[in-house]
Amino acid sequence: MSKENILIINCGSSSLKFAVINPRTGEEFINGIGERLGSPESFIRWKFEGTKDRKDLDNGAHDAAVETLLHLLEEKGLKDSIAAVGHRVVHGGETFTKSSLVDADVMKAIEDNTHLAPLHTPANLIGIKAAQKHFPELPMSVVFDTSFHQTMPEKAYIYATPYKFYKEKGLRRYGMHGTSYRFVTEQVCEQLNMDVNNSKLVIAHLGNGASAAAILNGESVDTTMGLTPLEGLVMGTRSGNIDPNVFSFLNKTYGYSLEEITDILNKKSGLLGISELSNDCRAIEEACAEGNKQAQLAMDVFCYVLAKQLAGLAVATGGVDALAFTGGIGENSDQIRGKVVEALSFLGFELDQDKNLAARFGSEGVITSDNSKATAIVVATNEELMIAKDTAALIA
Ligand code: AMP
């Protein structure tokens, strides 16, 4: 195997996802995750050549997970095929408008933006440092969730709060899922034979975390997530947009603290909060089919809010040539896509239900009719491949 593969590392506070990918062909040789890191139950599991396996980490934290990963890659004969490591980093603030090779200045700049993502950035930094320790000979890159949205105009990212908070602490909309939007933008233009420099796209990235973005001529001009991933759409466990006074309401009526309310809005709301059943779209769809009214309400609110915000994003692009659905829900839930495209018929979309039903389980394609003035399309996202391509370009 030639030395051109990229090791992708996506490090969270108690997890570490990894994959080895060929940036040219997209072939993925191994993928896996270290879970419950830092606890006695920590373990690492992976899939290699179609076979799943796992190993306990004996109270291992991130460093132990990366060390085990190094041995695993050696054992599978992949280590010497790796040319560089690409790290997914959540927040690049206003410093990073694109992916970068890691050096001391870049590490310092990421650290300086920690206050913008205090839960995620420290874990990202731990992942980079552990990789530098165990793969000292490899160049490393950082690919940010936020950087693609740095093209947004001021009017789209400035909150109507006292301006000094922006100037002094960077309080503004940043947006997330940028790597996915970049990948899907390329795919949509390729598949629809569109000139990216003359394109008006609205993309809905609907996973357990969900956001949507307006992409004009290949550049992000607005997006639904904000300073943090809590803003915008209804998600699996996140509320999305609510009246900010909910904080004082819940404090005064139930006595919840700031931390408790933040936890409720991030982890106990969304589909889970309304349905009181599950954050998982499949479970909600199954419950709807069995006549569960609260699950149906969760589904209705999810779709209504999504359609309303997609229409809002069409203001940013000044019309829509194509609407793309991606992420676990976007790629699989024909119900949600169908409802949303029908709700947006006034923008020129005409759903083709047969095509919509056909596009699932990895099957992509256009889901609007041949007569439809605007096109809706399902595209499978691949953030890991985008990170691999960025990293390969940076070391070239
Ligand atoms: P992600 O975060 O992109 O992995 O997406 C996770 C979400 O996709 C969960 O809410 C899943 O229930 C949803 N999902 C995955 N497969 C399906 C499916 N076949 N039908 C509906 N939702 C699905």
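We count ligands from 1, going down the list as the structure has it; atoms in each ligand are counted the same way.
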**Request:** Using a 4.0 Å heavy-atom cut-off, say whether E331 meets ligand 1 through its side chain, its backbone, both or neither.
**Result:** neither
**Item:** Distance-only donor-acceptor check, side chains T179 and E383, under 3.5 Å
**Value:** no
**Request:** Could you establish whether H205 and ligand 1 come within less than 4.0 Å of each other, counting only heavy atoms on the residue side?
**Result:** no
**Asked** So does D300 pair up with K339, basic N to acidic O under 4.0 Å?
**Response** yes
**Item:** Y166 six-ring face occupied by R172 cation (under 6.0 Å, within 45°)
**Value:** no
What protein heavy atom sits nearest [atom], and how far away is it?
atom                    : answer
atom 6 (C) of ligand 1  : N208 N, 3.7 Å
atom 10 (O) of ligand 1 : C281 N, 3.0 Å
atom 14 (N) of ligand 1 : G328 O, 3.6 Å
atom 18 (C) of ligand 1 : N332 CB, 3.2 Å
atom 20 (N) of ligand 1 : R282 CG, 3.5 Å
atom 7 (C) of ligand 1  : I329 CG1, 3.7 Å

**Message:** Using a 4.0 Å cut-off to any heavy atom of R360, which atoms of ligand 1 qualify?
**Reply:** 19 (N), 20 (N)
**Request:** With heavy atoms of G207 as the reference, note each atom of ligand 1 found under 4.0 Å away.
**Result:** 1 (P), 2 (O), 3 (O), 5 (O)
**Complete:** The reported gap from NE2 in H91 to CG in N113 (rounded to nearest 0.5 angstrom) is 7.5 Å
**Message:** Using 0.5 Å steps for rounding, measure from the CD atom of E35 to the OG atom of S14.
**Reply:** 8.0 Å
**Message:** Can you give me the closest heavy-atom contact between V85 and I6, atom names plus distance?
**Reply:** C-CG2, 4.4 Å
**Prompt:** For atom 4 (O) of ligand 1, is the nearest protein heavy atom closer than 4.0 Å?
**Reply:** no
Using a 3.5 Å cut-off and no angle test, enumerate the donor-acceptor pairs between side-chain atoms of residues 209-216 and protein atoms at least two apart in sequence or in another chain.
{"unit_1": "S211", "atom_1": "OG", "unit_2": "H177", "atom_2": "ND1", "d": "2.8"}
{"unit_1": "S211", "atom_1": "OG", "unit_2": "Y181", "atom_2": "OH", "d": "2.5"}

**Prompt:** Can you tell which of N279, D280, D334 gets a heavy atom nearest to atom 11 (C) of ligand 1?
**Reply:** D280
**Request:** Would you mind reporting whether E364 and V379 have side-chain heavy atoms less than 4.5 Å apart?
**Result:** yes
